[in-house]
Amino acid sequence: MENQKKFACAINCMDGRVQDAVKNFMQKNYGVDYVDMVTEPGPNKILADASEATIIENIRKRVEVSVHHHGSKVIAIVGHFGCAGNPTEKEEQIAHLNQAEVTVKGFGFDAEVIKLWADGDWTTVEKI
Ligand SMILES: [Zn+2]
């Protein structure tokens, strides 16, 4: 039955190269059937920047649909190699991910928040 299917949520970059990599990682490691994608260009940078309050609220509303309507228990935040929306090195993007984690935990949803790095082979994803 459809309502028994398991969902996770990913706040992912809009970049088409990372969609499958993130979806596959979440399906494999969290046993979910579907991954709701909330996409922005460089979402780790946006979520790390308090001046982006309007976009952050828009992200929060979409994550809420995934958590409350689909029952997602995991929310991933993604940074990736070669990001046009956040054109910085991995080290700086991980700092953004750490700050983004604080922001997303602040949404207060009953779900685990994880941080992911998607590499430039467009297949490898690691948990930060
Ligand atoms: Zn990107």
Side-chain angles (χ1 to χ4, degrees):
M1 285 171 61
E2 185 68 19
N3 63 7
Q4 292 176 328
K5 296 293 188 184
K6 290 177 68 179
F7 287 76
C9 184
I11 305 171
N12 199 2
C13 189
M14 59 169 283
D15 193 317
R17 297 172 294 184
V18 294
Q19 307 304 310
D20 287 349
V22 170
K23 184 191 74 168
N24 292 340
F25 178 91
M26 297 298 288
Q27 287 177 325
K28 184 178 177 191
N29 292 281
Y30 290 90
V32 296
D33 301 290
Y34 303 111
V35 181
D36 293 332
M37 290 292 181
V38 174
T39 67
E40 297 289 345
N44 54 347
K45 185 179 181 198
I46 290 169
L47 288 164
D49 183 353
S51 72
E52 297 281 20
T54 304
I55 301 173
I56 290 172
E57 172 59 12
N58 188 279
I59 291 170
R60 190 197 66 76
K61 284 179 178 169
R62 283 178 281 160
V63 173
E64 185 176 36
V65 171
S66 183
V67 171
H68 289 169
H69 294 270
H70 290 162
S72 292
K73 296 291 184 201
V74 183
I75 303 164
I77 313 162
V78 180
H80 72 95
F81 174 86
C83 185
N86 188 2
T88 57
E89 294 302 318
K90 181 177 181 179
E91 188 178 10
E92 190 171 342
Q93 288 210 44
I94 287 173
H96 291 149
L97 280 171
N98 290 335
Q99 186 57 46
E101 179 183 33
V102 174
T103 301
V104 173
K105 283 184 172 174
F107 292 164
F109 295 123
D110 182 22
E112 180 185 0
V113 178
I114 64 168
K115 298 166 287 184
L116 301 179
W117 175 259
D119 225 330
D121 62 1
W122 316 120
T123 304
T124 305
V125 174
E126 64 174 305
K127 198 171 168 183
I128 300 296

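Whatever order the structure lists ligands and atoms in, that order sets their numbers, starting from 1. Here the structure is a predicted model, which is why all the values come from computation and not from measurement.
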Original post:
When you measure from the side chain of N12 to the backbone N and O of T39, does any donor-acceptor pair fall under 3.5 Å?
Top reply: no
**OP:** Measure across F25 and Y30 and return the closest heavy-atom pair with its distance rounded to 0.1 Å.
**Re:** CE2-CE1, 4.2 Å
Subject >> side-chain hydrogen bond (donor to acceptor under 3.5 Å, both in side chains) partner of N44, the single match among N86, D49, T88 >> reply: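 Of N86, D49, T88, side-chain hydrogen bond (donor to acceptor under 3.5 Å, both in side chains) with N44 is met by N86 alone.
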Subject >> SB check E57 R60 (cutoff 4.0 Å) >> reply: yes
Using a 3.5 Å cut-off and no angle test, enumerate the donor-acceptor pairs between side-chain atoms of residues 99-109 and protein atoms at least two apart in sequence or in another chain.
from: E101; atom 1: OE1; to: K115; atom 2: NZ; distance (Å): 3.1
from: E101; atom 1: OE2; to: K105; atom 2: NZ; distance (Å): 3.4
from: T103; atom 1: OG1; to: L47; atom 2: O; distance (Å): 2.7
from: T103; atom 1: OG1; to: Q99; atom 2: O; distance (Å): 3.4

Original post:
Is any protein N, O or S atom closer than 2.8 Å to the Zn ion (ligand 1), and if so, which?
Top reply: C13 SG, H80 NE2, C83 SG
**OP:** State whether the number of non-hydrogen atoms from other residues, nucleotides or ligands found under 6.0 Å of E126 atom CD is greater than 12.
**Re:**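 Yes.
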